[in-house]
Amino acid sequence: MSTNKELAKTYEPREVEDRIYQFWVDGGWFHAEPDPDKTPYTIVIPPPNITGQLHMGHALDNTLQDILIRFKRMQGYATLWLPGTDHASIATEAKVVEAMRKEGLTKDMLGRDGFLERAWAWKNQYGNRIVSQLKKLGSSCDWERERFTMDEGCSAAVREVFVRLYDEGLIYRGNRMVNWCPHCHTSISDAEVEYEERDGHFWHLLYTVKETGEQLELATTRPETMLGDTAVAINAEDPRYAHLHGCHVILPLVGRELPIVCDEHADMTKGTGVVKITPAHDPNDFEVGRRHDLPIIRVFTYDGLMTGAADKAAADELRASGKAAAGEPEVLDCGKYAGMTTAEARRAILEDLEAGGYLKETEPHRHDVGTCYRCHSTIEPMVSKQWFVKMEPLAGPAIEAVEKGEIRFVPERFTKNYMNWMRGTRDWCISRQLWWGHQIPAWYCDKCGATVVSKEDPTVCPHCGGTLQQDPDTLDTWFSSALWPFSTLGWPNTESEDLKYFYPTNTLVTGYDIIGFWVSRMIFSGLAYTGKAPFQTVLIHGLVRDSQGRKMSKSLGNGIDPLEIIDQYGADALRFMLATGNSPGNDMRFMNDKVEASRNFANKLWNAARFILMNIGDNDVPLTLPTELTLEDKWIVSRFNTLVQAVTENLDKFELGIAVQKLYDFIWDNFCDWYIELCKSRLQGENAGAARQVLVYVMTGMLQLLHPFMPYVTEEIWQSLPHEGDALMVTKWPTYDAALAFPEEEKEMERIMEAIGAIRNRRGEMNVPPSRKAQVYIETSFVDTFEKGVPFFQRLASASEVQIGAAFDIPGAVSIVTADATIKIPLDDLVDKAAELARLNKEKDNVQKQLDGVNARLANPAFTDKAPANVVQTARDQAARLQEKLALLEQSLAALQ
RNA sequence: GGGCGUAUAGCUCAGCUGGUUAGAGCGCCUGCUUCACACGCAGGAGGUCAGCGGUUCGAGUCCGUUUACGCCCACCA
């Protein structure tokens, strides 16, 4: 079937993309089903947040995935690219709260159910935006399988895992030090804390020793925590304070008596060697507190204010009721400081300390401050009752799987990154004080205080029949993301056909910035719950930066909208640009020039197709190669054959940037600049049919190889060329064919091309316009080869007539020497004899220099003995060629004089 | 304090397991209304591959070291 039609002079992506995308969708070619006759190839998408808008990072990530998927699909795999979105608990909740705020509403006013209703409405309204944006990019996802981290299946998987881990003792609840974001009003995991360097101070305080009356100097960066101090630590080995063992200090402003404890945490070499201990608000101090069984006194509220009488009363009441869990902190009524923000309290406390003579010194100090990854508020370390996943038993197998090579990172260096993360990680705080997300499947009995953890919602307490309250908290978003590779395929139903067929997945494509957040958690989750590594290869890419190398960010306003780029240059140009000049794991800069170059390339291809179509006209073109191939046919076919092999290999090795470069070079340089030009004379003559066949054959092959990178333009062209089948995207990927390798013809053709290049070069240097044709005499021992090239010299080297022979006596002619021939062109009137002489001499020197170099190597026995035979042979051949060229140059020089 | 990355043409970057004279795009210079394409064609200039040392017959590529920049991790009062 062929559907020839006129193509516009320039490629107009806007008129093509949506139509082609719809055509693919209608064809059902994105959809995958388990097929016993095929091998599966699966990628699960890193689910973008429903709050998100497509940014360059998504564009890169999804372009890479689509390239791999389209490649594998054409190779005949049962290819599944499973799409979906992430509920993004904190981000979404913040958006919904913000929208409510504008209406004067708060969460508390709506209540949990009312709030969730609004959140779902928000999700339904905006959650699909990113999906439609992914489609714009050309992503060939199986949209029939689109998933959401809070859909029924994913939620079931979450509960299954939670209950299982709880039963195995790997999930526990307790009062621990967590990172508290006062702004988002929730705990966050260690991974979600970002450290920022900020200016601060060391405040040197004086605490009076009760027993001796001496003043103990200690430094702190956070004086507002002093109200919660429950001890002062010194090092047992410190001779300066040996006499204070067992003594006490009086806490300034508060008057509380604190023990002086000996603890390794106190470092003799730092400051005065004395540290104040605030177990409720510092991770180190918390540990010191546990070692010495110190009271934990909380002085901040969860809103980041100083605690007051009401807070204390609430805590005391809990305590009195007997329901307080182990390690439940006491709460201080901060008196005059109550209700202040921590920053206000810091100022007030410092003033009071100074007034009381307790502040010895203030010293400027830069230090790292933990901030919330979302809102960048300063994190308050707080003792709080949260749910945790015990990491150590899970990390072991996850480390092993990578060590054993079951999972491979590309590039490999990120293995180290992963290992560091896995080895160093502490227990994972998974509870969040949010409503949007998976509510923790734990219930507490009002009556007997029992904790019930269950997959199904229980109605009454199984122990005493009392009423149950479900834990109000939700799970960390990453808890469900961690299950994504299998929860989306039907797990926990292990009989699911999809799960059996498509899992484990093959390749995970993501940025290095979420190895800790996501990749590592998927790995230990997959191993723990399915017994299998969730994927074989993790292809890591870098960040897309702005043209100055800065991270694209909202606050800088330097982000570039991929959709605008698509609108302006086309999705193919954007994709091609993102895949070009980039190696795995490295950051890249976004530059308009690069997109433009890619757009130009798409247009080049388009015009090559136009040329072919124009020459096809009404003729039928068989989709095979003609029986008789000319020299130039064999050259391009053989080169293409090599290209197929190279590109396939590169793609198999995830060297997408290299593959795309080879395609670019072949299409532009070999095919357009040479082969099409070489064909032109033949297309006018009787042999045009064969030329058309080869043109269509090679063009079709190029379209196939390029399709994963530039799906739209290739499909559009393919549809207008003679073709078989419904769509380029489901044609069979080309394979190397030994019968189409013509190394001899390639060499012959290159001799001719070199000669043409040399002539152009000379004419260019002499500023001879192409319109001035000239006779060309070729002295060569490759007469047959050059005979075949006569029309090429005429068309591409401005030759009028071409003579080929052993020797020509053309007095005053310009002479051009290649390794295979001396070319003489009578352009007497244009020749500056002196310049000609100088040029020939210069070239002779150059050749001589090269020859000397090669000869020196060949004369070195160490080289000839130790270097591989083919390398030595190459050097010998080269020496021979140079020798020959030198001789020809000398002849030309002699003739000139 | 650990770990990692980058340093190649004016700019942005490729260069996989070491092997002829190190490549591309953009920019620059010279020509060209050549019947696909000026989003084009032909030609050209431009690089001691950050410095130093080493391994090797041979190093942009491997090893060591120095410098500059960037990133990640780490509880440092």
Side-chain angles (χ1 to χ4, degrees), chain A residues 7 9-11 177 195 202 218-222 233 265-267 270-278 282-287 367-368 370 381 413-414 416-417 420-421 424 512-513 515-516 542-543 547 549 569 573 580-583 585-589 591-594 596-615 649-650 653 655 657-658 661 664-665 672-673 676-677 680 684 757 760-765 767-771 795-796 798 846 849-850 853-854 857 860-868 870-872 874-875 877-879 881-882:
Chain A
L7 298 185
K9 191 169 169 182
T10 51
Y11 172 57
M177 182 58 64
Y195 289 89
F202 269 136
L218 51 84
T220 179
T221 53
R222 300 175 62 218
H265 172 59
D267 185 338
K270 297 225 169 92
T272 57
V274 185
V275 198
K276 67 190 225 24
I277 303 297
T278 320
D282 181 282
N284 289 310
D285 294 2
F286 180 73
E287 295 304 322
H367 60 148
D368 283 345
R413 64 172 187 272
F414 289 101
K416 207 160 199 168
N417 195 320
N420 284 344
W421 198 90
Y512 60 68
D513 48 334
I515 292 175
L543 266 39
S547 61
Y569 298 100
T580 307
N582 182 233
S583 50
N586 287 345
D587 291 352
M588 66 187 307
R589 293 189 198 201
M591 303 199 124
N592 250 334
D593 285 357
K594 292 201 248 180
E596 231 167 79
S598 300
R599 188 269 319 263
N600 294 352
F601 176 62
N603 192 54
K604 185 74 181 175
L605 182 73
W606 181 258
N607 274 287
R610 278 181 70 218
F611 173 81
I612 295 171
L613 282 172
M614 192 175 287
N615 278 286
E649 252 181 54
N650 289 138
K653 287 153 72 182
E655 296 165 352
I658 298 175
Q661 188 62 49
Y664 181 97
D665 289 344
C672 292
D673 287 348
I676 284 185
E677 296 304 325
K680 280 181 177 170
Q684 315 296 339
R760 284 171 169 176
N761 181 333
R762 277 312 336 268
R763 292 181 57 114
E765 278 175 17
N767 280 329
V768 188
S771 52
R795 180 168 277 272
L796 304 180
S798 304
N846 188 22
K849 226 167 85 186
Q850 283 176 50
V854 182
R857 271 199 298 157
N860 182 356
F863 173 68
T864 47
D865 292 351
K866 291 187 186 173
N870 64 321
V871 173
V872 177
T874 307
D877 294 347
Q878 194 199 351
R881 282 168 72 90
L882 287 168

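Below, chains carry the letters A, B, ... as their sequence lines are ordered, and counting in each starts from 1. Computation of the quantities below employed the complete heavy-atom set of this structure, encompassing side-chain atoms and omitting hydrogens, waters and symmetry-equivalent molecules.
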Per-nucleotide protein contact string for nucleotides 33-39 of chain B (B base, S sugar-phosphate only, - none; heavy atom under 4.0 Å): ---BBSB

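Atom CD1 of Ile658(A) and atom CG of Asn650(A) lie 5.5 Å apart (nearest 0.5 Å).
Note on ring orientation: taking the six-membered ring where Trp is involved, the planes of Tyr512(A) and Phe414(A) are parallel (angle under 30°, cut-offs 30° and 60°).
Looking at heavy-atom distances under 4.0 Å, Pro381(A) makes no contact with the nucleic acid at all.
Using a distance-only test at 3.5 Å, with no hydrogens or angles considered, a donor-acceptor pair links the side chain of Arg760(A) to the main chain of Leu796(A).
With P as the reference atom, U61(B) and C71(B) are 26 Å apart, rounded to whole Å. Across the P atoms, A59(B) and G54(B) are found 12 Å apart, a figure rounded to whole Å. Taking atom P in both A14(B) and A9(B), one finds a spacing of 12 Å when rounded to whole Å.
Residue Asn586(A) has no polar side-chain atom (N or O) positioned under 4.0 Å from OP1 or OP2 of C71(B). Taking side-chain N and O atoms only, Lys416(A) has no distance below 4.0 Å to OP1 or OP2 of G3(B).
Residue side chain Lys270(A) reaches the base of C76(B) through a donor-acceptor N/O pair under 3.5 Å, judged by distance alone. Taking 3.5 Å as the limit, the base of C26(B) and the side chain of Asp593(A) contain no donor-acceptor pair of atoms between them. Applying the 3.5 Å distance criterion, the base of A74(B) shares a donor-acceptor pair with the side chain of Asp368(A).
Heavy-atom distances to RNA chain B give each of Asn650(A) and Gly764(A) a nearest nucleotide, and the one nearer the 5′ end belongs to Asn650(A).
The side chain of Glu655(A) sits closest to C16(B) out of A14(B), C16(B), C75(B). The listed nucleotides are A74(B), A77(B), G3(B); the one nearest the side chain of Thr221(A) is A77(B). When each of A14(B), C13(B), G43(B) is scored by its nearest atom to the side-chain atoms of Arg760(A), the top-ranked nucleotide is G43(B). Distances from the side chain of Asn420(A) to the nucleotides G3(B), U12(B), U20(B) place G3(B) closest.
For the pair Asn607(A)/Arg610(A), a side-chain contact is recorded, criterion being any heavy-atom separation below 4.5 Å from C-beta on. In this structure, the side chains of Thr220(A) and Phe202(A) stay at 4.5 Å or more apart for every pair of heavy atoms.
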